[in-house]
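Taking it in order: structure first as structure tokens, then the write-up.
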Amino acid sequence: MSSLLASPLVDLDTGAVIAHPAFVEAGGVLRAAPLPMVLELPIRVVLAGAGALTPLHEALRRAGRHPREAILLITGPCQEHERPLLRVALDGLRAIGYLYGFTDVGSMGPTLDTVTDTAPYLVALHPELVARIPGDHRAAAVARAVATLARGIGAHVMAPGVKHEAQAATIRGLGVRLAHGPLLAPGPDGRVRVPLPIADESAASAMLGPRVQELLLPAVTLPAEAMAEEAVAAFGEEPTITSVILVDEFQRPKGSLDRGRFLLSFATRYGHALHGSKPAQRLADPPRTVPRTTPAIAAMQAAGRDTARVYDDLVVTDELNRCLGIVRVSDLIRQVTSLRS
């Protein structure tokens, strides 16, 4: 298995590198950077059954990497009679922890109904389609259609082989967020430089308020398996801490402890005896997450969906659902109020 990617996978909205290409050598050695990795995987290997994927699993195990760190880009078309088998195989990969996606969507890759049936994490446009942008309005229409489909099923869209700033600007305008290619290759100093889009200063954009990443506060985090008494100690260190976020080993939020409700559980006569030596997760609420590019008004709407938790901190996440910090609803209210004053 090898990767045809020649540069990191980059978020065009922020300039952040979110994954690096990786490959498994013939001897079963994984060559990958510490960041999340992208590996290309022929669809025939996926369809061949669990045994054909053993070298991949073993290569990750020997490298000390977890499937949750890998995005498998599945290459090649899927025939109609193979679709049931593909769904079963992908369900197995998902259960193990892999993220997966498809290449050449909208052209020579899987059909759109195959994409929707299998709920991928990522869909990649065909490189030739990207090469025709921005000069070909038909190619742009296909890219826009794929981006619309991806939003509908909760997937990310990637544009491969981006060479020019005009391409990057056009595909970003079509709703394509992720890209790789010569334009995004690391420079001599090893850094990736992305031509970021010009900020939208229109009246409509201004009325939505700043993005939550501009209001970000550091989150107090504990491992998801932490004991409740550890959370009590964390709250006790600083009276201004309003929440503790429970995260897994990849910093993805798994639970949220609101200061008031959590400490109230310990205020009863036997509270510490009942909860102290047990997992904090028992007293946690599901984290209320918002992507870091969410406008303030949209974040306020998200906060108001659960009236019982309307003032709980929101957890701000990156493109891989990792916790970047928190935003307090009181800060959102001030921002929205200032917009309307």
Side-chain angles (χ1 to χ4, degrees), residues 18 34-36 60-61 64-71 91-99 119 121 154 212-213 215-292 294 299 301-332:
I18 67 167
L35 279 173
L60 263 66
R61 186 194 66 79
R65 306 294 293 269
H66 193 279
R68 284 175 292 191
E69 299 175 69
I71 303 172
D91 285 344
L93 289 173
R94 185 189 290 113
I96 295 171
Y98 289 104
L99 300 175
Y121 173 80
V212 291
Q213 63 187 3
L215 308 174
L216 196 65
L217 296 172
V220 177
T221 62
L222 286 174
E225 61 274 12
M227 295 295 109
E229 57 191 7
E230 297 178 66
V232 172
F235 281 119
E237 290 177 2
E238 176 55 58
T240 61
I241 294 174
T242 52
S243 63
V244 169
I245 310 303
L246 303 178
V247 297
D248 65 14
E249 64 267 40
F250 301 107
Q251 292 299 301
R252 295 179 296 195
K254 295 300 180 183
S256 176
L257 300 171
D258 174 74
R259 182 186 188 95
R261 291 196 300 277
F262 178 75
L263 293 183
L264 185 62
S265 301
F266 284 80
T268 61
R269 184 174 181 181
Y270 301 108
H272 197 282
L274 287 172
H275 305 297
S277 60
K278 295 179 180 177
Q281 187 70 54
R282 294 172 61 252
L283 300 174
D285 296 298
R288 299 197 305 172
T289 61
V290 290
R292 61 180 171 183
T294 305
Q301 292 171 341
R305 290 190 187 114
D306 186 348
T307 55
R309 301 177 57 197
V310 69
Y311 289 107
D312 283 17
D313 294 338
L314 299 178
V315 182
V316 181
T317 57
D318 68 6
E319 296 72 27
L320 295 181
N321 196 34
R322 295 172 297 197
C323 175
L324 296 177
I326 61 167
V327 62
R328 291 175 178 163
V329 174
S330 57
D331 292 336
L332 293 174

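Just so you know, residue 1 is the first one in the sequence shown, and it goes up from there.
Of all heavy-atom pairs spanning Val315 and Pro287, the tightest one is CG2-CB, 4.3 Å. When all heavy atoms of Leu257 and Phe235 are compared, the closest pair comes out as O-CZ, 3.5 Å. Ala234 approaches Val244 most closely through the heavy-atom pair CB-CG2, 4.2 Å. The heavy-atom pair separating Phe250 from Arg322 by the smallest distance is O-CG, 3.2 Å. Minimum interatomic distance between Ala228 and Phe262 (heavy atoms only, all atoms of both residues): O-CZ, 3.5 Å. Of all non-hydrogen atoms in Leu246 and Ala224, the two that sit nearest each other are CB-CA, 4.0 Å.
Contacts of Glu249 classified as side-chain contact (heavy atoms from CB on, under 4.5 Å), with partners at least two apart in sequence or in another chain: Arg68. For Arg328, the side-chain hydrogen bond (donor to acceptor under 3.5 Å, both in side chains) test picks out Thr242, with sequence neighbours left out. Residues forming a side-chain contact (heavy atoms from CB on, under 4.5 Å) with Pro223 (at least two apart in sequence, or on another chain): Glu225, Ala226. Partners of Tyr311 by ring pair (Phe, Tyr, Trp, His ring centres under 6.0 Å), not counting sequence neighbours: none found. The side-chain contact (heavy atoms from CB on, under 4.5 Å) search around Ala303 returns Arg288, Leu314, Val329, not counting sequence neighbours. Evaluation of the salt bridge (charged side-chain N to carboxylate O under 4.0 Å, His left out) rule for Asp312 yields Arg261, Arg309 as partners, not counting sequence neighbours.
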query: When you look at Val212 and Leu332, which way does the side chain to side chain contact (heavy atoms under 4.5 Å, CB included) test go after all the steps?
result: CA-CA 8 Å; Val212 291; Leu332 293 174; 4.3 Å; yes
task: For the pair Leu216 and Leu324, evaluate side chain to side chain contact (heavy atoms under 4.5 Å, CB included) and give the outcome as yes or no after the intermediate values.
output: CA-CA 8 Å; Leu216 196 65; Leu324 296 177; 4.2 Å; yes
Candidate pair Ser256 and Ile245, rule side chain to side chain contact (heavy atoms under 4.5 Å, CB included), full reasoning: CA-CA 5 Å; Ser256 176; Ile245 310 303; 3.8 Å; yes
- request: Apply the test side chain to side chain contact (heavy atoms under 4.5 Å, CB included) to residues Ser243 and Ile326: give CA-CA distance (whole Å), side-chain angles for both, the deciding distance (0.1 Å), then the verdict.
  value: CA-CA 9 Å; Ser243 63; Ile326 61 167; 4.0 Å; yes
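Distance check, rounded to the nearest 0.5 Å: CG of Leu99 to CG of Asn321 gives 10.0 Å. The distance from the NZ atom of Lys254 to the CG atom of Leu222 is 16.0 Å, given to the nearest 0.5 Å. Separation of atoms CZ (Arg292) and CG (Asp318) is listed at 6.0 Å; rounding is to 0.5 Å. Interatomic distance, CG of Asp248 versus SG of Cys323, reported as 10.5 Å (0.5 Å rounding). From Leu217, atom CG reaches atom CD1 of Ile241 across 12.0 Å, with rounding to the nearest 0.5 Å. Atom-to-atom distance recorded for Asp258:CG and Leu264:CG is 10.0 Å, nearest 0.5 angstrom.
You'll find the side chain of Leu283 reaches within 4.5 Å of the side chain of Phe266, heavy atoms only. Here the side chains of Thr317 and Val290 are not in contact, with every heavy-atom distance at 4.5 Å or above.
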